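Working notes for the structure below.
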Amino acid sequence: MRFQQYCDVHTFYGDTYDTLMRGEAQNLILLGNLMIGEVGADKTGWRDPANWFMAAVLDGESPELVALMTPPHNLTLYETDNRPNDDALTCLVEGIIKSGVALPGVMTESTLANRFAAAYTAAVGGSFAVRMRQRIYELTRVSPEIPAIGELRLARESDLSFLPYWFEGFESECFHTPFAVPAEIERCRRAIGAGRLYILEDSGISVSMAQIQREMRTACGVSLVYTPPYFRNRGYASACVAGVSRVALERGFAKCVLYTDLDNPTSNDIYQKIGYAPLCDSLEIEFQNMEIARQEIAFLS
């Protein structure tokens, strides 16, 4: 069992991609980020692999545990086939400490997230707290019981009159993070240009949105689901997500993957009625009181 840290994203991709694909739907975020680094077309902000932390714990040449962090985001992990391996976990924690990297938190399958957080904080000090409880769902067929409402269309440049405010509402409600509308217009433009952001219209009025993203070999993600408060409780979110999911399946993907906040029972109920089935639970954990821990890491490195 050995810890391997990578400086080259292409080598990291070559060593870990096949392992991550064994849990393609579960690893959609990790795989999507890895593909961004491998392709290298967009290196804005966190997307530049030069700033990433990439590591694996190898048993011979086979990864037992894969780790990727794209600062300022949390560390993401995958334990091969979700088999708990405490030796690999210990090896990873020791390698992270020796590397000198500071972790803001971890986001991964819930059991692994708790095990890693406990092992890491026990080794370096500090504490941890759950920031968000999530559930990962996958869909292979849209329920025929979902009524079609309105018309689904691709987002266009003229939608910039309202889209930045919808993006702001999504970020604020889902992640409770600040969002500067004027500064993020370019983000909306990129989403429109990618041709994966969809708007649901009813009688010519835009009422809901959803996006296809992280397109992998057989799976893709459905995200950025948002309906302005005025239009809620009318079935628009269900119709929009169902429509976008149908588009993805018609394009040849075998499954759609979607993350939900477990503290929002309404959205979890809606997605299951559409045809999304629970795959596993995921935790976003933040590390707290880490100043002493970071001093210790700096000393050891």
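Since this is a predicted model, take the numbers as computed values, not measurements.
Ion pair D263/R133 flagged as a salt bridge, since at least one NZ, NE, NH1 or NH2 atom sits closer than 4.0 Å to an Asp/Glu carboxylate oxygen. With respect to K255 and E24, no salt bridge is recorded, no charged nitrogen being found less than 4.0 Å from a carboxylate O. R22 and D18 are not joined by a salt bridge, as no carboxylate oxygen comes within less than 4.0 angstrom of a charged side-chain nitrogen. Salt bridge present: R153 and E201 bring a charged side-chain N and a carboxylate O closer than 4.0 Å.
Atom CG of N51 sits about 10.5 Å away from atom CE of M69, to the nearest 0.5 Å. Here the straight-line distance linking atom CZ of F167 with atom CD of Q211 works out to 6.0 Å at 0.5 Å rounding. Atoms CG and CD1, from L92 and I97 in turn, are 10.0 Å apart once rounded to the nearest 0.5 Å. Once rounded to the nearest 0.5 Å, the distance linking CG of L77 with CG of N27 reads 10.0 Å. In this structure, OG on S267 lies 10.0 Å from CD on Q272, to the nearest 0.5 angstrom. The distance from the OG atom of S99 to the CE atom of M54 is 12.0 Å, given to the nearest 0.5 Å.
Taking the side chain as every heavy atom from C-beta outward, D87 and V57 never approach each other to under 4.5 Å. With a 4.5 Å cut-off on side-chain heavy atoms, W46 and P72 count as touching. Using a 4.5 Å heavy-atom threshold, the side chains of M209 and D159 count as separate. In this structure, the side chains of N114 and I285 come closer than 4.5 Å at one or more pairs of heavy atoms. A heavy-atom distance below 4.5 Å is not found between the side chains of L224 and W166. Residues S238 and K273 form no side-chain contact, since every pair of their non-hydrogen atoms from C-beta on lies 4.5 Å or further apart. Within the 4.5 Å cutoff, no side-chain heavy atoms of M107 are placed close to those of R131. You'll find the side chain of Q5 reaches within 4.5 Å of the side chain of F53, heavy atoms only.
In this structure, F253 and M216 approach most closely via the heavy-atom pair CE2-O, 3.4 Å. Taking both residues in full, the closest heavy atoms of Y78 and G23 are given as OH-N, 3.8 Å, listed atom of the first, atom of the second, then distance. Of all heavy-atom pairs spanning S143 and R246, the tightest one is O-NH2, 4.0 Å. Nearest heavy atom pair, residue D59 against residue M1, reads CB-SD, 4.3 Å. Between V9 and G37, the shortest heavy-atom contact is CG1-O, 3.4 Å. Nearest approach of A210 to V244, heavy atoms of both residues: CB-CG2, 3.9 Å.
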When you look at C256 and L249, which way does the side chain to side chain contact (heavy atoms under 4.5 Å, CB included) test go after all the steps? CA-CA 8 Å; C256 300; L249 296 177; 4.2 Å; yes
Applying side chain to side chain contact (heavy atoms under 4.5 Å, CB included) to I212 and R251, what does each step give before you reach the verdict? CA-CA 11 Å; I212 296 173; R251 287 173 52 185; 3.8 Å; yes
Are I192 and L163 close enough, and set up right, to give a side chain to side chain contact (heavy atoms under 4.5 Å, CB included), and what steps lead you there? CA-CA 10 Å; I192 293 169; L163 271 181; 3.9 Å; yes
Could you go step by step and tell me if I274 and V142 meet the side chain to side chain contact (heavy atoms under 4.5 Å, CB included) rule? CA-CA 6 Å; I274 293 170; V142 176; 4.3 Å; yes
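At a cut-off of 3.5 Å, with distance as the only test, no side-chain donor of N264 or E173 sits close to an acceptor on the other residue. Side-chain N/O atoms of T111 and E109 include a donor and acceptor closer than 3.5 Å. Side chains of S245 and Y276: a donor-acceptor N/O pair is present below 3.5 angstrom, by distance only.
With respect to L75, the side chain to side chain contact (heavy atoms under 4.5 Å, CB included) criterion is satisfied by exactly one of V101, L68, I96: I96. Checked options R135, Q26, Q134, E138; the residue passing with C280 is Q26 (criterion: side chain to side chain contact (heavy atoms under 4.5 Å, CB included)). When L152, I199, L200 are each tested for a side chain to side chain contact (heavy atoms under 4.5 Å, CB included) with S208, only one passes: L200. Tested against N33, the residues R214, R47, E38, H73 include a single side chain to side chain donor-acceptor pair (under 3.5 Å) partner, R214.
Side-chain heavy atoms closer than 4.5 Å link hydrophobic residues (I, L, V, M, F, W, Y) into clusters, and following such links, even through other members, never connects I136 to L112. Grouping the Ile, Leu, Val, Met, Phe, Trp and Tyr side chains by contacts below 4.5 angstrom, directly or via other members, places Y120 with V130. Each of I270 and V257 belongs to its own hydrophobic cluster when Ile, Leu, Val, Met, Phe, Trp and Tyr are linked at side-chain heavy-atom distances under 4.5 angstrom. One hydrophobic cluster holds both L20 and W52 under the rule that ILVMFWY side chains link at heavy-atom gaps under 4.5 Å.
A donor-acceptor contact shorter than 3.5 Å is absent between the side chain of S172 and the backbone of E168. Using a distance-only test at 3.5 Å, with no hydrogens or angles considered, no donor-acceptor pair links the side chain of T19 to the main chain of S62.
The ring of F170 has its center no closer than 6.0 angstrom to the ring center of Y226.
The environment of E157 atom CD is dense: over 12 non-hydrogen atoms of other residues, nucleotides or ligands sit within 6.0 angstrom.
The aromatic rings of F116 and F287 lie tilted to each other, with the angle between the two planes from 30° to 60°.
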